[in-house]
Amino acid sequence: MTSKLNIFLFCAAMLLGWSCDQSELEVSKDAIANVDPKLEGTWLLVNGPLDVGLVLDGDKSRGPAWITLLKDGKMRGHSSRNLLGGKYTTKDNKKIDLEVNMLTRVADNPFSTWFMEGVRTASEYRIEGSNLTFLNESSSRQELIFAKLEDQCRPVLKDNALYNAESKEVDVVINQAYQIENCLVLDVTYSGGCVEQEPELVWNGNLSKSLPPLASLKLHYTKSDDCEALLSRTYYFDLLPFFKAAGYDEIRVNVIGLKGEIMVTKQ
């Protein structure tokens, strides 16, 4: 009798365990967002009006435009200092439904309106290489073309010797510095035109004892350029390894060539 009882209890436990496992695997269809995994990530707008990402004549209402598409179908973004929020789903034949709203009204300008209308009216998407294009049903509208932000970002180097070494470009002016997700963006001008190069952003490894701590960074150019054309460049740097090395999720940053300091926060 005891043997039969043990067999019964064992079978019951097995059936109960199977039932629990099955219930854990069951997910409501309403909770599953239909999204293309290739869309996930942060995308930086690379076309549009010429003043994208720049500050012209003291007008600080203009700024970078980007969107972050999450795997649960939610989206967030930024346009001309305004925060965006919404959701999206994808369908067959690369169709897309976007519901996006402007969460703040810090600045209303033609660019912000252009960007929002472009996102709201997008009906299809196309991914070519590392670029994403939102297509509209009307061919008369301008397409929105984005680049994957993570493909643009390079790490901040922790190197005290390189920080103290002389940079080959000494007339660098950082016009603007801002954070997009976990990427630091620097809009830079300097004289040159004969040598194409990507500078390193170098940290000497030191932090002030204040909270949040202050870190000093420097753009280091390894090549000299004797030409005198005034160049404008935008550089992107990955902050995640920087936060990990510093041991803080919020840091004040002073970049040589930038007037003042900025706060960067782990996203």
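Please read all numbers here as calculations on a predicted model, not as lab measurements.
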*Asks:* Indicate the atoms forming the closest heavy-atom contact of Leu219 with Ser167, along with that distance.
*Replies:* O-OG, 3.9 Å
*Asks:* Strictly distance-based, threshold 3.5 Å: is any side-chain N or O of Thr90 a donor or acceptor partner for the main-chain N or O of Asn34?
*Replies:* yes
*Asks:* Can a donor-acceptor pair be found, under 3.5 Å and without considering hydrogens, that links the side chain of Gln267 to the backbone of Thr265?
*Replies:* yes
*Asks:* Quick one: does NZ or CZ of Lys168 land under 6.0 Å from the six-membered ring centre of Tyr221, within 45 degrees of the ring axis?
*Replies:* no
*Asks:* Quick check for you: to the nearest 0.5 Å, what is the distance between Asn136 atom CG and Arg120 atom CZ?
*Replies:* 13.0 Å
*Asks:* Which atoms form the tightest heavy-atom contact between Asn101 and Met116, and what is the distance?
*Replies:* C-CE, 4.1 Å
*Asks:* Would you compute the distance between atom CG of Leu201 and atom CG of Asp159 and round it to the nearest 0.5 angstrom?
*Replies:* 12.0 Å
*Asks:* Check for a donor-acceptor pair, side chain of Lys218 on one end and backbone N or O of Ala165 on the other, with a separation under 3.5 Å.
*Replies:* yes
*Asks:* Hey, are the side chains of Ile251 and Phe243 touching, using non-hydrogen atoms and a 4.5 Å cut-off?
*Replies:* yes
*Asks:* Are any of the side-chain nitrogens in Glu124 or Arg126 under 4.0 Å away from the carboxylate oxygens of its partner?
*Replies:* no
*Asks:* Would you confirm whether Trp114, through its side chain, and Glu117, through its main-chain N or O, come within 3.5 Å as a donor-acceptor pair?
*Replies:* no
*Asks:* When hydrophobic residues are tied together by side-chain contacts of less than 4.5 Å, even through go-betweens, does Phe242 share a cluster with Ile180?
*Replies:* no
*Asks:* Verify the neighbour count for atom CD of Glu99: are there more than 12 heavy atoms of other residues, nucleotides or ligands below 6.0 Å?
*Replies:* no
*Asks:* How many angstroms lie between atom CE of Met102 and atom NE2 of His78, to the nearest 0.5 angstrom?
*Replies:* 10.5 Å
*Asks:* Going by distance alone, is a donor N or O of one side chain under 3.5 Å from an acceptor N or O of the other, for Tyr190 and Asp225?
*Replies:* no
*Asks:* Between Trp66, Phe134, Trp43, Tyr125, which is the residue that forms a ring pair (Phe, Tyr, Trp, His ring centres under 6.0 Å) with Phe146?
*Replies:* Phe134
*Asks:* Quick one: do Asn204 and Ser216 satisfy side chain to side chain donor-acceptor pair (under 3.5 Å)? Show the steps, please.
*Replies:* CA-CA 7 Å; Asn204 59 10; Ser216 295; 5.0 Å; no
*Asks:* Can you confirm whether Leu98 sits close enough to Met75 that some side-chain heavy atom of one is under 4.5 Å from a side-chain heavy atom of the other?
*Replies:* yes
*Asks:* Any chance you could lay out the side chain to side chain donor-acceptor pair (under 3.5 Å) test for Asp171 and Ser191, step after step, and finish with the verdict?
*Replies:* CA-CA 7 Å; Asp171 60 347; Ser191 62; 2.3 Å; yes
*Asks:* Which heavy atom of Leu258 sits nearest to which heavy atom of Ala177, and what is that distance?
*Replies:* CD2-CB, 3.8 Å
*Asks:* Return yes if some donor-acceptor pair links the side-chain N/O of Thr104 with the main-chain N/O of Leu83 below 3.5 Å, else return no.
*Replies:* yes
*Asks:* If you take all heavy atoms of Val188 and Asn175, which pair is closest and at what distance?
*Replies:* C-ND2, 3.9 Å
*Asks:* Counting only heavy atoms not in Lys148, do more than 12 fall under 6.0 Å of its NZ?
*Replies:* yes
*Asks:* To the nearest 0.5 Å, what is the distance between CG on Asp36 and CD1 on Ile127?
*Replies:* 5.5 Å
*Asks:* Please check this pair: side chain of Gln152 against backbone of Tyr236, looking for a donor-acceptor N/O pair closer than 3.5 Å.
*Replies:* no
*Asks:* Using atom types as modelled and distance alone, determine if a side-chain donor or acceptor of Arg252 lies under 3.5 Å from a backbone N or O of Pro212.
*Replies:* yes
*Asks:* With heavy-atom distances below 4.5 Å as the criterion, would you say the side chains of Leu217 and Phe237 are in contact?
*Replies:* no
*Asks:* Within a strict 4.5 Å, meaning less than it, do heavy atoms of the Val185 and Leu44 side chains meet?
*Replies:* no
*Asks:* Identify the heavy atoms of Ser208 and Leu214 that sit nearest to each other, and give their distance.
*Replies:* OG-N, 2.8 Å
*Asks:* Do the side chains of Arg154 and Glu200 get close enough for a salt bridge, i.e. N-O under 4.0 angstrom?
*Replies:* yes
*Asks:* If you count every heavy atom of other residues, nucleotides or ligands that lies below 6.0 Å from Glu166 atom CD, does the total exceed 12?
*Replies:* no
*Asks:* Can you tell me how far CG of Leu69 sits from CD of Glu40, rounded to the nearest 0.5 angstrom?
*Replies:* 8.5 Å
*Asks:* Would you name the heavy atoms of Gly73 and Val35 that are closest together and state the gap between them?
*Replies:* CA-CG1, 3.7 Å
*Asks:* Can you tell me how far the CD atom of Gln176 sits from the OG1 atom of Thr234, to the nearest 0.5 Å?
*Replies:* 9.0 Å
